[in-house]
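This report refers to the structure that appears directly beneath it.
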Amino acid sequence: MPFLDLDRREFLQATLAAGAASSLVSSPAFTQSRAEVLVLVQELGPNSLDMQGVGSNQTVNGLAWNCYDRLMTYAPKTLPDGTVSYDRKALAPELAESWQIASDGMSCTFNLRKDATFHDGTPVTAKDVKWSFDRSVSVGGFPTFQMSAGSLEKPEQFVVVDDHTFRVDFIRKDKMLMFNLAVVVPFVINSTLAKKNAAEADPWAMNWLRSNEAGGGAYRVESWRPGSETILVRFDNWKSGPLPKIRRVIARDVPSPGTRRAMLERGDADISTGFPPKDFDQMIKEGKLKIVGVPIPNALWYVALNTSRPPFDNVKLRQAIAWAMPYEQIQSSAFFGRAKPMYGGGATVEQAVWPQPFPYRTDLDKAKALMQEAGFGQGLDTSFSLDVGTATVGEPTAVLIQESLAKIGMRITIEKIPGANWRTTLNKKELPMVLNRFSGWLDYPEYYFFWNLHGNNSIFNISAYKNAAMDQLIDRARFTDDEAEYEKSVKEFIALCMQEVPIVPLNQPIHDIAMQKAVGGYEFWFHREPDFRQFSKA
């Protein structure tokens, strides 16, 4: 976007932001070489310093990733376009130098680094790891559910062998358990410091850790001004990996995408994301900035249909909607091609991979016939909800769907729900139709289905879908050691989803990020937040 195309308000915002960035460059915060300072501009910064806290937002995941260690991480791999990403099949040491799975496959012992310390100089011990893991499975909500997705369910599983030896006992053999230890949630907290700031009514120091960081990761929080700016500085005594080249990260909250783009194009910022697809499409064509786009593994934009109540408890009606979706228009007009289509696939499931295109495509004649069979030949009235926070792509998508479904007799009212209320509203399972995006941190088909379509999942199963056959297939895939049985189970639960249509996939989102051409080392991660440990600047 040329700078002159900004409206007056965005022009003023950009001017002020650029001035602020310029003053930062001449301030003591920039005593290091400019090549050692990374300036990130983001739509929304962290609303907490504790990603395990209630209501923590997306960017808190990045803060936890950079400021805390985990026992293990994922090894890197290079994608076909040269982008570095994580290897979902290969684990690498972080706080644990090594580990051994017991001969019976029912426990794993971790050998911790003996020279690792927290940011305040306190040595890291197995007691800190146990306290942190106990916290993860006890605080409830998403963190505890995420741990349970890898059969990490109760404090008794976590055992201190000695100061630098820690063991996890398995409740059952679960192929996701080890990989689940390398996601964001099980980070290691300075338990001595946290316990000093806990209370009888708050044994896990939730209140204190919300606004204080107690980690030992590659970066520490120097300052945090919610809604304005977060500054991280390198922890020079970090032992769990190569010392990062970037000494200081200045992350500024700039809600306007136009302002963020202007700052990038003027050179006042190094990196940003969260632009509308149209902007990324333009920036790629203009070639002034480096744009990296990676399809998000195990992720979908989809329409969820509430299967637990009329009218969408009718499978023929759900199939009619799947045939009436304006897939190509959504792909071109709402996403500008910055997503992978998930429609127009084959009639049978040939591969045990997810996501994969559903067999539906826009066919209004089929849709109308199914409407008749479902008993809705005269049409119906319903509502379609979306998160205001995703309105950039969500609103045009919703309007296109509204217009297309009107052609088969569905009269839809679009309801925009504020982001602050979105998850709470979804959890009530009362919305008839919902536009949503979900991405699974662990790149397994059964992981996605476990979160979204398992009858025992009350958190993300917003279709309120319950099917004993589906649950059985998901569980079989999760726990079987037989490769043939695994492949068969995955193909069958995907086929069942295609037939039952509790969700209508639209596309697989691409995570785009824009940066100066002098910035190197970007690595894509499942949590989609930047890993500052990898960055460098020319």
Side-chain angles (χ1 to χ4, degrees), residues 50-52 64-65 67-75 89-139 143-198 203-205 209 213-218 235 237-241 442 479 481:
D50 180 11
M51 71 78 52
Q52 292 183 9
W65 191 254
C67 295
Y68 289 88
D69 281 341
R70 281 141 296 278
L71 290 175
M72 303 177 295
T73 186
Y74 287 89
K89 298 180 179 179
L91 293 167
E94 195 162 282
L95 183 59
E97 289 183 309
S98 61
W99 53 89
Q100 300 86 33
I101 294 178
S103 57
D104 65 357
M106 290 303 293
S107 69
C108 183
T109 301
F110 296 88
N111 304 303
L112 308 184
R113 298 179 188 275
K114 293 182 172 63
D115 55 356
T117 68
F118 291 108
H119 295 153
D120 66 356
T122 303
V124 180
T125 70
K127 292 179 182 177
D128 298 297
V129 181
K130 175 168 173 57
W131 190 87
S132 303
F133 277 44
D134 289 356
R135 184 184 198 256
S136 298
V137 299
S138 301
V139 294
T144 298
F145 205 87
Q146 174 65 46
M147 295 291 279
S148 72
S151 296
L152 300 162
E153 300 173 5
K154 51 188 179 181
E156 292 78 15
Q157 291 180 256
F158 313 127
V159 181
V160 174
V161 178
D162 59 39
D163 279 354
H164 296 99
T165 311
F166 175 73
R167 190 178 77 241
V168 176
D169 292 334
F170 303 168
I171 295 174
R172 62 189 71 89
K173 291 184 179 180
D174 186 335
K175 68 173 69 69
M176 290 190 281
L177 189 151
M178 293 293 289
F179 293 100
N180 203 32
L181 291 174
V183 301
V184 182
V185 173
F187 55 87
V188 179
I189 300 167
N190 183 336
S191 64
T192 302
L193 183 57
K195 285 189 281 190
K196 283 181 182 177
N197 293 279
W204 302 113
L209 284 168
E213 174 255 297
F235 177 43
N237 201 36
W238 188 55
K239 304 298 184 183
S240 294
L442 297 177
F479 300 117
D481 290 326

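What you see is a predicted model, and the numbers here were worked out from it, not measured in a lab. For this chain, numbers begin at 1 and follow the sequence in order.
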**Asked** Which heavy atom of Ala64 sits nearest a heavy atom of Met51, and at what distance?
**Response** CB-CG, 3.7 Å
**Asked** Checking Arg70 against Trp65: charged group under 6.0 Å from the ring centre and within 45 degrees of the axis?
**Response** yes
**Request:** Given side chain to side chain donor-acceptor pair (under 3.5 Å), test Ser98 with Asn111 step by step and report yes or no.
**Result:** CA-CA 5 Å; Ser98 61; Asn111 304 303; 2.9 Å; yes
**Whether Trp99 and Phe110 hold their rings parallel, tilted or perpendicular, with breakpoints at 30° and 60°** = tilted
**Message:** Side chains of Phe170 and Cys108, heavy atoms from C-beta outward: is any pair under 4.5 Å?
**Reply:** yes
**Fill in**
Of Leu95, Asp128, Val129, Val161, the one forming a side-chain contact (heavy atoms from CB on, under 4.5 Å) with Phe166 is Val129
**Message:** Between Asp174 and Leu152, is there a side-chain heavy-atom distance shorter than 4.5 Å?
**Reply:** no
**Prompt:** Where the side chain of Asn180 meets the backbone of Gln146, is there a donor-acceptor pair that is under 3.5 Å apart?
**Reply:** yes
**Prompt:** In Å, rounded to the nearest 0.5 Å, how long is the span from CG of Asn190 to OG1 of Thr125?
**Reply:** 9.0 Å
**Item:** Side-chain donor/acceptor of Ser132 to backbone N/O of Ile189, under 3.5 Å
**Value:** yes
**Prompt:** What pair of heavy atoms forms the shortest contact from Asp104 to Met106, and how long is it?
**Reply:** OD1-N, 3.0 Å
**Request:** For His119 and Ala214, indicate whether the former's side chain and the latter's backbone hold a donor-acceptor pair under 3.5 Å.
**Result:** no
**Request:** Working to the nearest 0.5 Å, report the span between CZ of Phe187 and OG of Ser136.
**Result:** 6.5 Å
**Request:** Could you please spell out the steps behind the side chain to side chain contact (heavy atoms under 4.5 Å, CB included) verdict for Glu153 and Val137?
**Result:** CA-CA 6 Å; Glu153 300 173 5; Val137 299; 5.9 Å; no
**Prompt:** Are any non-hydrogen side-chain atoms of Ser191 and Lys195 less than 4.5 angstrom apart?
**Reply:** yes
**Prompt:** What's the verdict on side chain to side chain contact (heavy atoms under 4.5 Å, CB included) for Arg113 and Val124, showing C-alpha distance, side-chain angles and the deciding distance?
**Reply:** CA-CA 8 Å; Arg113 298 179 188 275; Val124 180; over 6 Å; no
**Request:** Could you tell me whether the side chain of Met178 reaches within less than 4.5 Å of the side chain of Val168, counting heavy atoms only?
**Result:** no
**Request:** Provide the closest heavy-atom pair for Pro186 versus Val183 in the form atom of the first, atom of the second, distance.
**Result:** CD-O, 3.5 Å
**Request:** Specify the closest pair of heavy atoms between Lys175 and Phe479, including all atoms of both residues, with the distance to one decimal.
**Result:** NZ-N, 4.1 Å
**Request:** For the residue pair Val185 and Gln52, establish whether any side-chain heavy-atom pair is separated by less than 4.5 Å.
**Result:** yes
**Prompt:** Can any side-chain N or O of Gln157 pair as donor or acceptor with the backbone N or O of Ser151 at less than 3.5 Å?
**Reply:** yes
**Prompt:** Looking at Ala194 and Leu209, what are the two nearest heavy atoms and their distance?
**Reply:** CB-CD1, 4.3 Å
**Request:** Tell me yes or no: between the side chains of Ser107 and Arg167, is some donor less than 3.5 Å from an acceptor?
**Result:** no
**Prompt:** Are Val188 and Tyr68 close enough that some pair of their side-chain heavy atoms sits under 4.5 Å apart?
**Reply:** no
**Asked** Could you walk me through whether Leu71 and Leu112 pass the side chain to side chain contact (heavy atoms under 4.5 Å, CB included) check?
**Response** CA-CA 8 Å; Leu71 290 175; Leu112 308 184; 3.6 Å; yes
**Asked** Between Phe118 and Leu193, does a side chain to side chain contact (heavy atoms under 4.5 Å, CB included) hold up when you go through it step by step?
**Response** CA-CA 10 Å; Phe118 291 108; Leu193 183 57; over 6 Å; no
